[in-house]
Amino acid sequence: MSRYTDGPGARVVGLGHYQPARIVTNDDLTTQFGVETNDAWIQDRVGIKARRFAAEGETCLDMSVAAAGKALANAGIEAADVDLVIVATLTPPTMLPNVASQVAARLGINAPGAFDVNTACSGFSYGLATAQHAIVSGAAKTALVIGAEKLTDVIDFADRTTCILFADGAGAAVVTAAEQNGIGPVYWGSDGPRGDVLNIDDDGFIRQEGQAVFRWATTALAPFARAACERAGVDPADLVAFIPHQANVRIIDHIAKRLGATNAVIARDIVESGNTSSASIPLALSKLVERGELPSGGPALLFGFGGGLTYAGQVITIP
């Protein structure tokens with residue numbers, strides 16, 4: 001038996017996601033937003049065909065609540081049973097109060113621990129690991145972990161190197177104490193000295209040195225993903241799914257190949273959803289599970305990476 005399933009711990013018991021109704025194709029970026037680009041160029045560079053943009057007035061909080069409500073329903077757990085709420089986001093509608101406490105208020109969760117996490121695209125994996133640690137230590141019994149972004153709040157449509165990438169959405173997971181552990185040890189870290197290659201500038205827009213990020217992702221990350229499997233005692237060839245941050249199809253395929261996830265379903269939700277930063281992993285995972293494309297009980301590697309040049313990964317048992 002894999003080490004990560006031995007003994008008590010925590011497990012994911014429910015998933016949910018939310019995407020805004022507005023679909024924006026690559027051609028729409030040119031016709032509606034005046035971006036000097038085209039469909040063929042975008043698909044060749046990053047693999048995106050379309051993405052979702054939130055409606056005017058629709059916030060990261062709204063999307064968090066929608067995804068979390070679905071996750072609770074999927075898990076068959078009442079809001080009153082939740083005692084910890086973690087929201088991973090870099091686009092909160094307010095810095096204070098935080099998003100997590102507002103999610104709790106909207107859902108009727110009474111007096112939970114509630115905080116936000118900002119490690120950008122690795123945020124959901126950081127949040128999931130923190131929830132697991134809280135549950136194993138006895139500080140919580142049932143946690144709601146959400147990744148949500150309204151990246152259209154920080155997109156500069158005059159910068160075609162970034163505006164083609166980013167989108168809005170949310171995903172959520174319910175995590176509970178379990179007699180048999182279903183979340184492997186996290187492998188996480190950062191490369192802070194190079195963190196400024198992906199940042200929010202003084203004007204409030206997201207900026208990226210694309211080539212630098214691509215080189216880092218394709219040279220440094222596969223060993224970290226493999227290390228997460230090693231900590232869980234799982235051979236990458238035994239993974240039934242690999243759910244990385246949805247940054248770029250070429251990056252996803254490169255890491256999957258170097259990882260050796262030869263039998264895994266590889267999430268490529270970026271094609272239809274764009275890059276939703278901290279929302280991308282739970283969004284992609286929830287959609288695959290909802291469509292019945294992943295076997296319940298199988299091991300899946302979640303692996304986030306991005307802003308601040310942070311990264312985090314863990315193997316989970318698919319609910």
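Sequence positions, counted from 1, serve as the residue numbers for this chain. As the structure is a prediction and not an experimental result, all values here were calculated from the model.
Remark: D253 engages R268 in a salt bridge, criterion side-chain N to carboxylate O under 4.0 Å. With salt bridges taken as basic N to acidic carboxylate O contacts below 4.0 Å, one links R207 and D156. No salt bridge links K141 with D81; every basic N to acidic carboxylate O contact stays at or beyond 4.0 Å. Looking at E290 and K70, no side-chain N of the basic residue comes within less than 4.0 Å of a carboxylate O on the acidic one, giving no salt bridge.
When each of V154, I48, T152, N275 is paired with F166, the side-chain contact (heavy atoms from CB on, under 4.5 Å) condition holds for N275 and for no other.
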**Study point:** CA sep, side-chain torsions, deciding dist, call: S273, Q19, side chain to side chain donor-acceptor pair (under 3.5 Å)
**Key:** CA-CA 8 Å; S273 299; Q19 290 185 280; 2.8 Å; yes
**Study point:** Worked verdict on D269 versus L288 for side-chain contact (heavy atoms from CB on, under 4.5 Å)
**Key:** CA-CA 9 Å; D269 187 54; L288 285 170; over 6 Å; no
Exercise for review: Show your working on side-chain contact (heavy atoms from CB on, under 4.5 Å) between L61 and R106 and close with a plain yes or no.
Suggested key: CA-CA 10 Å; L61 171 60; R106 288 231 197 145; 3.4 Å; yes
Check your understanding: When you look at T176 and I135, which way does the side-chain contact (heavy atoms from CB on, under 4.5 Å) test go after all the steps?
Key -> CA-CA 7 Å; T176 65; I135 288 170; 5.6 Å; no
Exercise for review: Give the C-alpha distance, both sets of side-chain angles, the deciding distance and a yes or no for side-chain contact (heavy atoms from CB on, under 4.5 Å) between V197 and W216.
Suggested key: CA-CA 10 Å; V197 300; W216 173 72; over 6 Å; no
Practice item. Decide side chain to side chain donor-acceptor pair (under 3.5 Å) for Y4 and T317; before the verdict, give the C-alpha distance in whole Å, the side-chain angles of both, and the deciding distance to 0.1 Å. Key: CA-CA 9 Å; Y4 86 101; T317 298; 3.0 Å; yes
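In this structure, the side chain of D116 does not engage the main chain of A88 through any donor-acceptor pair within 3.5 Å. A side-chain donor-acceptor contact under 3.5 Å links D83 to the backbone of T142. Of the possible donor and acceptor atoms, one in the side chain of D28 sits under 3.5 Å from a partner among the backbone N and O of T25. Using a distance-only test at 3.5 Å, with no hydrogens or angles considered, a donor-acceptor pair links the side chain of D235 to the main chain of A237. Judged by distance alone, the side chain of E58 and the main-chain N or O of P20 form no donor-acceptor pair under 3.5 Å. In this structure a side-chain-to-backbone donor-acceptor pair under 3.5 Å is present from T310 to T119. Between the side chain of D201 and the main chain of F205, a donor-acceptor pair closer than 3.5 Å is present. The backbone N or O of L151 lies less than 3.5 Å from a partner atom in the side chain of D168, making a donor-acceptor pair. Checked by atom type and distance alone, the side chain of R22 never pairs as donor or acceptor with a backbone atom of A55 at under 3.5 Å. Using a distance-only test at 3.5 Å, with no hydrogens or angles considered, a donor-acceptor pair links the side chain of Q102 to the main chain of P97.
Linking ILVMFWY side-chain heavy atoms closer than 4.5 Å, directly or via other members, places L72 and L128 in two distinct hydrophobic clusters. One hydrophobic cluster holds both Y187 and L301 under the rule that ILVMFWY side chains link at heavy-atom gaps under 4.5 Å. Both I270 and I255 are members of a single hydrophobic cluster when ILVMFWY side chains are connected at heavy-atom separations under 4.5 Å. Linking Ile, Leu, Val, Met, Phe, Trp and Tyr residues whenever their side-chain heavy atoms come within less than 4.5 Å places F124 and V175 in a single cluster. A single hydrophobic cluster is seen to contain both L144 and V87, as judged by linkage of ILVMFWY side chains at heavy-atom distances under 4.5 Å, directly or through other members.
Side-chain polar atoms of S125 and Q314 form a donor-acceptor pair below 3.5 angstrom. In this structure, a donor-acceptor pair under 3.5 Å is present between the side chains of E149 and S278. Looking only at atom types and distance, the side chain of T30 has no donor-acceptor partner in the side chain of D27 under 3.5 Å away.
Between W188 and H133, the ring planes are perpendicular. Angles over 60° get that label, and only those under 30° would be called parallel. Classified by interplanar angle (parallel below 30°, tilted 30° to 60°, perpendicular above 60°), the ring pair F305/H245 is perpendicular.
Considering all non-hydrogen atoms of both residues, Y126 and G189 come closest at OH-O, 3.2 Å. Closest approach of G274 to A167, counting heavy atoms only: CA-CB, 4.4 Å. Residue I243 comes nearest to A267 through the heavy atom pair CD1-CB, 3.9 Å, listed as atom of the first residue, atom of the second, then distance. The two residues F303 and L221 have their closest heavy-atom pair at CZ-O, 3.7 Å. Across all their heavy atoms, Q43 and N26 have their closest contact at CG-ND2, 3.8 Å. L107 and A79 get closest at one heavy-atom pair: O-CB, 3.4 Å.
The closest side-chain heavy-atom distance from F53 to Q32 is not below 4.5 Å. Side-chain contact between C60 and P93: present, with at least one pair of heavy atoms (C-beta onward) separated by less than 4.5 Å. No side-chain heavy atom of P244 sits under 4.5 Å from any side-chain heavy atom of I281. Counting heavy atoms from C-beta outward, N263 and D238 have side chains that stay 4.5 Å or more apart. Looking at L239 and L259, their side chains come closer than 4.5 Å, going by heavy atoms from C-beta outward. Residues V174 and N74 form no side-chain contact, since every pair of their non-hydrogen atoms from C-beta on lies 4.5 Å or further apart. In this structure, the side chains of R52 and I23 come closer than 4.5 Å at one or more pairs of heavy atoms.
Rounding to the nearest 0.5 angstrom, the gap separating the CD1 atom in I42 from the SG atom in C163 is 7.5 Å.
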